[in-house]
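Notes for the one structure printed next.
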Amino acid sequence: MSRSATPSSRAGPLVVQPLKRRHCAECRTGPLRMLVLEDGTPRCLDCADLGHLVFLPRGDTALTRRSREESALSAVVVRFNRRKGRYERQGVLIEEAGLARAERRCLADAEARRRRRARDARRREREDARFAEAFAAEIRRLFPGCPPERARDIAGHASVRGSGRVGRSAAGRALSEGAVTSAVAASVRHLDTPYDELLMSGVPRHEARRRIGAAVEGALRVWRGGREGVEVGGEGERGWGAGGGPPPPWTLTYVIGSLGHGHRIRTGFSWW
């Protein structure tokens with residue numbers, strides 16, 4: 001959704017937390033912490049007949065659900081996330097009396113809900129462990145040269161619930177070859193090449209990836225072939241700087257090796 005788009009709600013009124021200073025088009029009060037867009041025109045909560053509602057931040061699912069059940073009138077509150085390019089829910093506006101009734105209901109069955117959350121957490125842990133094992137097994141199938149411990153580490157990192165990493169994507173959950181390969185390549189890139197050092201030295205990400213691309217592909221070829229302990233070497237390019245400027249007085253030399261027991265790619269610096 002573009003930033004200029006008007007958010008929509010299928011569950012009653014929608015209230016926006018504006019990123020810029022906005023004033024009510026009707027009473028001219030402002031700047032507004034929350035507003036309602038009516039035909040693209042901002043109005044304060046009082047002018048939109050929502051001023052008597054209280055704000056309940058997101059976070060407690062049971063309290064939010066029950067507060068809306070107990071309120072004759074409620075509204076969802078959203079704010080635009082610039083980085084993600086979409087509106088995200090921040091909480092709800094509900095009647096104060098409805099909130100009080102919802103809080104009493106939540107207190108009455110708090111222990112039962114706590115036990116249910118604990119059971120759900122244990123169930124998710126078991127599911128996550130099974131998925132990480134399946135992901136590691138798929139890594140070993142596609143890359144028989146990858147040491148078992150390294151495969152488990154990659155799978156554990158890529159499959160963390162809620163991380164947004166490739167293992168939690170739809171392709172990752174389906175154990176697609178592309179997703180598994182991406183996870184392995186990412187591990188090699190960060191742990192076994194000078195990629196992180198290049199980023200820290202100011203090299204743009206795409207250029208840093210280009211420079212270590214051969215090293216990553218070399219490691220993947222070794223692991224695909226099931227050969228452990230084979231060394232593939234290469235020397236980093238001289239000529240840093242995207243604009244063709246002078247390079248610094250050193251260049252990186254990396255050697256892909258020790259892919260067996262140590263399963264590391266040695267990196268070093270050469271001065272010239």
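When a residue number appears, it is its place in the shown sequence, counting from 1.
A salt bridge is defined here as a Lys NZ or Arg NE, NH1 or NH2 lying under 4.0 Å from an Asp or Glu carboxylate O, and Glu138 with Arg141 meets this definition. Under a 4.0 Å N-O distance rule, the pair Asp153/Arg150 does not qualify as a salt bridge. A salt bridge is defined here as a Lys NZ or Arg NE, NH1 or NH2 lying under 4.0 Å from an Asp or Glu carboxylate O, and Arg152 with Glu149 fails to meet this definition. Glu111 has a carboxylate O that lies under 4.0 Å from a charged side-chain N of Arg114, or vice versa, which qualifies the two as a salt bridge.
Using a 4.5 Å heavy-atom cutoff, the side chains of Leu73 and Pro13 are in contact. The shortest distance between side-chain heavy atoms of Ile212 and Pro194 falls below 4.5 Å.
Shown here for Phe135 and Gly172, the closest heavy-atom pair between the two residues is CE1-O, 4.0 Å. Closest heavy-atom contact between Ala158 and Arg165: O-CB, 3.6 Å. Closest approach of Ala185 and Leu220 over heavy atoms only: CB-CD1, 4.1 Å. When all heavy atoms of Leu32 and Pro18 are compared, the pair lying nearest together is O-CG, 3.3 Å. A pairwise comparison of heavy atoms in Ile139 and Ala155 identifies CD1-N, 4.1 Å as the closest pair. Nearest heavy-atom pair, Val216 versus Val188, reported as atom, atom and distance to 0.1 Å: CA-CG1, 4.1 Å.
Taking CZ from Arg22 and CG from Leu37, the interatomic distance works out to 6.5 Å, rounded to the nearest 0.5 Å. Here the CD-NE2 distance, from Glu95 to His52, works out to 5.0 Å after rounding to the nearest 0.5 Å. Atom OG1 of residue Thr181 and atom CG of residue Leu142 lie 5.5 Å apart, to the nearest 0.5 angstrom. Taken from CD1 in Ile154 to CG in Leu191, the straight-line distance is 8.0 Å, to the nearest 0.5 Å. Ile94 CD1 to Arg66 CZ: the interatomic distance, rounded to the nearest 0.5 Å, is 14.0 Å. Distance CG/Asn81 to CG/Leu19: 9.0 Å, rounded to 0.5 Å.
Under a hydrophobic clustering in which Ile, Leu, Val, Met, Phe, Trp and Tyr are joined whenever their side-chain heavy atoms come within less than 4.5 Å, directly or via other members, Phe55 and Val76 fall into different clusters. No continuous path of hydrophobic side-chain contacts links Val92 to Val77 [ILVMFWY only; heavy atoms under 4.5 Å]. In this structure, Leu53 is not a member of the same hydrophobic cluster as Leu99, with clusters built from ILVMFWY side-chain heavy atoms closer than 4.5 Å.
A cation-pi arrangement, defined by a distance under 6.0 Å to the six-membered ring centre and an angle within 45 degrees of its axis, is absent between Arg161 and Phe131.
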**Request:** Take Tyr195 and Arg205, measure what side-chain contact (heavy atoms from CB on, under 4.5 Å) needs, and give me the verdict at the end.
**Result:** CA-CA 9 Å; Tyr195 179 67; Arg205 181 174 62 88; 3.2 Å; yes
**Request:** Check the pair Val16, Phe80 against side-chain contact (heavy atoms from CB on, under 4.5 Å), reporting the backbone distance first and the verdict last.
**Result:** CA-CA 8 Å; Val16 178; Phe80 190 80; over 6 Å; no
**Request:** Check step by step if side-chain contact (heavy atoms from CB on, under 4.5 Å) holds for Met34 and Leu93.
**Result:** CA-CA 10 Å; Met34 299 184 191; Leu93 291 173; 4.1 Å; yes
**Request:** Before giving the answer on side-chain contact (heavy atoms from CB on, under 4.5 Å), spell out for Glu103 and Leu63 the whole-Å C-alpha distance, their side-chain angles and the decisive distance to 0.1 Å.
**Result:** CA-CA 7 Å; Glu103 288 174 335; Leu63 182 59; 3.7 Å; yes
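Side-chain N or O atoms of Ser71 include none that pairs as donor or acceptor with a backbone N or O of Arg68 at under 3.5 Å. Formation of a donor-acceptor pair under 3.5 Å by the Gln90 side chain with backbone atoms of Glu88 is found in this model. Side chain of Glu96 to main chain of Val54: no donor-acceptor pair is present (N/O by atom type, distance under 3.5 Å, no hydrogens or angles). Of the possible polar contacts, one joining the Arg113 side chain to the Cys106 backbone as a donor-acceptor pair under 3.5 Å is found. Checked by atom type and distance alone, the side chain of Arg89 never pairs as donor or acceptor with a backbone atom of Arg58 at under 3.5 Å. Side chain of Ser169 to main chain of Val166: a donor-acceptor pair is present (N/O by atom type, distance under 3.5 Å, no hydrogens or angles).
Donor-acceptor pairing under 3.5 Å is lacking for the side chains of Ser163 and Arg168.
For Glu177, the CD atom is loosely surrounded, since the number of other residues' heavy atoms within 6.0 Å does not exceed 12. The number of heavy-atom neighbours closer than 6.0 Å to CZ of Arg21, taken from other residues, nucleotides and ligands shown, is 12 or below.
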